[in-house]
Amino acid sequence: QVQLVESGGGLVQAGGSLRLSCAASGLTFSLYAVGWFRQAPGKEREFLAAISWAGGITYYADSVKGRFTISRDNAKNTMFLQMNSLKPEDTAVYYCAVRARVVVTTTRWDYWGQGTQVTVSS
């Protein structure tokens, strides 16, 4: 059974940083692309960043490019999202996901975590 468990969310002031982690189990992690999404109240789930299964290619949404950095540690079956220069509009529930095929920026990913709340105060 595939499980993705996020951690690292919380409350931070504008301009601050957070690092999200997502621990995966029940799959051959190194063979999956990994990605991060977020969903704010009343809005659709939004693609943020992804990294290919081989780790050589990264993708970012324009809204987070230059502020967020995605990474993965295949030895630990874990992916990360380093978030810097946070803004109040970054407030949302953040989700990790994995996909056995090429990266897509839609929500058509294979498995999802349960989400972790990130709140940025002004």
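Note that these values count all heavy atoms, side chains included, but never hydrogens, waters or copies made by symmetry.
Aromatic pair Trp109/Phe37: centroids less than 6.0 angstrom apart.
With hydrogens and angles ignored, the 3.5 Å screen pairs no side-chain donor or acceptor of Asn77 with any backbone N or O of Ser25. A donor-acceptor contact shorter than 3.5 Å links the side chain of Arg72 to the backbone of Phe29. A donor-acceptor pair under 3.5 Å is formed between the side chain of Thr106 and the backbone N or O of Arg108. Side chain of Thr78 to main chain of Lys76: a donor-acceptor pair is present (N/O by atom type, distance under 3.5 Å, no hydrogens or angles). When atom types are taken as modelled, the side chain of Tyr59 and the backbone of Val104 share no donor-acceptor pair closer than 3.5 angstrom.
Looking at every heavy atom in both residues, Ala92 comes nearest to Ala40 through CB-N, 3.8 Å. Counting all heavy atoms, side chain and backbone alike, Leu48 lies closest to Phe68 at CD1-CE2, 4.5 Å. Looking at every heavy atom in both residues, Val98 comes nearest to Met79 through CG1-CE, 3.8 Å. Scanning both residues, Ala50 and Val103, for their nearest heavy atoms gives CB-CG1, 3.6 Å.
Leu11 and Val93 fall into different hydrophobic clusters, defined by Ile, Leu, Val, Met, Phe, Trp and Tyr side-chain heavy atoms under 4.5 Å apart, directly or through other members. In the hydrophobic clustering of this structure, Val34 groups with Leu31; members are Ile, Leu, Val, Met, Phe, Trp, Tyr whose side-chain heavy atoms approach within less than 4.5 Å, directly or through other members.
Under the salt bridge (charged side-chain N to carboxylate O under 4.0 Å, His left out) criterion, the residue pairs touching residues 40-52 are Arg38-Glu46, with sequence neighbours excluded.
Counting only heavy atoms from C-beta outward, the side chains of Leu20 and Val118 approach each other to under 4.5 Å. Two residues are said to be in side-chain contact when any heavy atoms from C-beta on lie closer than 4.5 Å; Thr107 and Phe47 fail this criterion. Contact of the Tyr60 side chain with the Ile70 side chain is registered, since non-hydrogen atoms from C-beta on lie closer than 4.5 Å. At least one side-chain heavy atom of Glu6 sits under 4.5 Å from a side-chain heavy atom of Trp36. At least one side-chain heavy atom of Phe80 sits less than 4.5 Å from a side-chain heavy atom of Arg19. Between Leu86 and Gln13, the closest side-chain pair of non-hydrogen atoms is not below 4.5 Å. Side-chain contact check for Thr69 versus Leu81: every heavy-atom pair is 4.5 Å or farther apart. Taking the side chain as every heavy atom from C-beta outward, Tyr94 and Gln39 never approach each other to under 4.5 Å.
Interatomic distance, Asn74 CG to Ser30 OG, rounded to the nearest 0.5 Å: 5.0 Å. In this structure, the separation between OG on Ser21 and CD on Gln82 is 9.5 Å, given to the nearest 0.5 Å.
There is a side-chain donor-acceptor pair under 3.5 Å between Gln117 and Thr119. Asn84 and Ser17 share a donor-acceptor pair across their side chains, judged by distance under 3.5 Å alone.
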Exercise. Under the salt bridge (Lys or Arg N to Asp or Glu O under 4.0 Å) criterion, do Lys87 and Asp90 qualify, and how do the steps go?
Worked result: CA-CA 5 Å; Lys87 306 173 182 179; Asp90 293 319; over 6 Å; no
Problem set entry | side-chain contact (heavy atoms from CB on, under 4.5 Å) evaluation trace for Leu27 with Tyr32 | CA-CA 9 Å; Leu27 75 168; Tyr32 284 75; 3.5 Å; yes
